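Below is one structure, written out as structure tokens; the observations come after it.
Side chains are part of it too, since the values below use all heavy atoms of this structure and drop only hydrogens, waters and symmetry mates. Throughout, protein chains are lettered first and strands after them, A, B, ... in sequence-line order, and every chain is numbered starting at 1. The structure presented is a predicted model; accordingly, all values stated were derived computationally and were not measured.
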Protein chains: 2
Amino acid sequence: MPLPVIIKDTTPTELDEIVEKAKSASSFLKAISHEGRLMILCHLVSGEKSVTELEDLISARQAAVSQQLSRLRLEGLVIPRRDGKTIFYRLADDKPKRVLEIIYDLFCQEN
Amino acid sequence: MPLPVIIKDTTPTELDEIVEKAKSASSFLKAISHEGRLMILCHLVSGEKSVTELEDLISARQAAVSQQLSRLRLEGLVIPRRDGKTIFYRLADDKPKRVLEIIYDLFCQEN
DNA sequence: TCGTTATATTACATAAATTGAATATGAGGC
DNA sequence: GCCTCATATTCAATTTATGTAATATAACGA
């Protein structure tokens, strides 16, 4: 959807595709725009973490973290791996990482 | 907030700053995660557009577009410029552009 | 099997975001 | 001043998101 500049003679079919992609992008962005989920993703950039670890890292309750992870899981952003009683989460691909890098650059580096 | 990897001995003050930045990033992402606003921003990447032009481009009603622009304006993402009766909007800085480039790459290029 | 730890899910209350309709403002032309 | 075009704002209705508390499940060890 973004940059390719939508020119006047874009066909209806092309426009539909663009809107479809905008919807995906929109869901993805909504998923990462939650403060807690954003922090979780940040922590996962440095590697797998268990739910308990994440609870401590972002100072949130078990149920909250679990719900946030659940949302990220449904959205396909993270993948769980069970090891005995504990469940470790990791980033599913580099999409979140790519975006977080920019966000970090924009909000944590420049003034 | 993201990438720098939050290490165990991060001080409380540092953590506060991180949380602050996460909040800003989170607001920004919320602002651009709305499908209509996302499309508006995309169109603005190629240059200033009037409200009426945007209405046509994203096939939305006047009030809706105006509200979405209002949100983007309050968030500091776009800047209005009046010329007679019409008002032209443009991106306030390259933050949205930088993020949209990545989003475009992730959702409209790769399969 | 029972108890415990780790995580997930559900149900409910509340807050925030979004939409649509109606109305308001501001600029220009007559 | 009055009318019209372009845009903004307001308000109520609805939807969606979020947090909390309670409960459920799954795995392990005694």
For atom [atom1] of [X] and atom [atom2] of [N], their distance in whole Å:
X        : N       : atom1 : atom2 : answer
Arg71(A) : dG19(D) : CZ    : P     : 12 Å
Asp56(B) : dC5(D)  : CG    : P     : 15 Å
Leu69(B) : dT7(D)  : CG    : P     : 10 Å
Ile87(B) : dC5(D)  : CD1   : P     : 17 Å
Ile40(B) : dA8(D)  : CD1   : P     : 11 Å
Lys30(B) : dT16(D) : NZ    : C1'   : 13 Å

Looking at dT10(D), I'd like to know if its phosphate oxygens (OP1 or OP2) sit under 4.0 Å from a side-chain N or O belonging to Gln67(B).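 So the side chain of Gln67(B) is outside the cut-off, no N or O lying under 4.0 Å from OP1 or OP2 of dT10(D).
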*Ignoring backbone atoms, establish whether Tyr89(B) has a side-chain N or O less than 4.0 Å from OP1 or OP2 of dA6(D).*
no
task = Looking at every strand, decide which applies to Phe88(B) at a 4.0 Å heavy-atom threshold: base, sugar-phosphate, or nothing.
result = nothing
| If you look at every strand shown and take non-hydrogen atoms under 4.0 Å, does Thr86(B) touch a base, only sugar-phosphate, or nothing? | sugar-phosphate
When Gln68(A) and Pro80(B) are each assigned the nearest nucleotide of DNA chain D, the 5'-most assignment goes to Pro80(B)
Could you tell me whether the side chain of [X] and the main chain of [Y] form a donor-acceptor pair under 3.5 Å?
X        : Y        : answer
Arg37(B) : Ile32(B) : no
Ser59(A) : Glu55(A) : no
Glu75(A) : Leu72(A) : no
Thr86(B) : Arg82(B) : no
Ser33(B) : Lys30(B) : yes

Span of DNA chain C engaged by chain A, first through last nucleotide within the 4.0 Å heavy-atom cut-off, is dT5(C) to dA11(C)
Looking only at heavy atoms, the pair that brings Ala60(B) and Val65(B) closest together is CB-CG2, 3.8 Å
Assert: residue with more 5' nearest nucleotide on DNA chain C, out of Ser33(B) and Arg73(A), is Arg73(A)
Could you walk me through whether Glu48(A) and Arg81(A) pass salt bridge (Lys or Arg N to Asp or Glu O under 4.0 Å), step by step? CA-CA 9 Å; Glu48(A) 245 187 13; Arg81(A) 172 180 73 82; 2.7 Å; yes
Discussion item. Whether the Thr52(B) and Lys49(B) side chains hold a donor-acceptor pair (N or O, under 3.5 Å, no angle test) is what I'd like checked.
Written reply: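 No, Lys49(B) and Thr52(B) have no side-chain donor paired with an acceptor closer than 3.5 Å.
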Nucleotide by nucleotide, nucleotides 22-30 of chain D touches protein heavy atoms under 4.0 Å in the pattern (B base, S sugar-phosphate only, - none) -----BS--
Quick check on side chain to side chain contact (heavy atoms under 4.5 Å, CB included): which of Arg71(B), Glu35(B), Gln68(B), His34(B) does Ile40(B) satisfy it with?
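Only one option passes, and that is Gln68(B).
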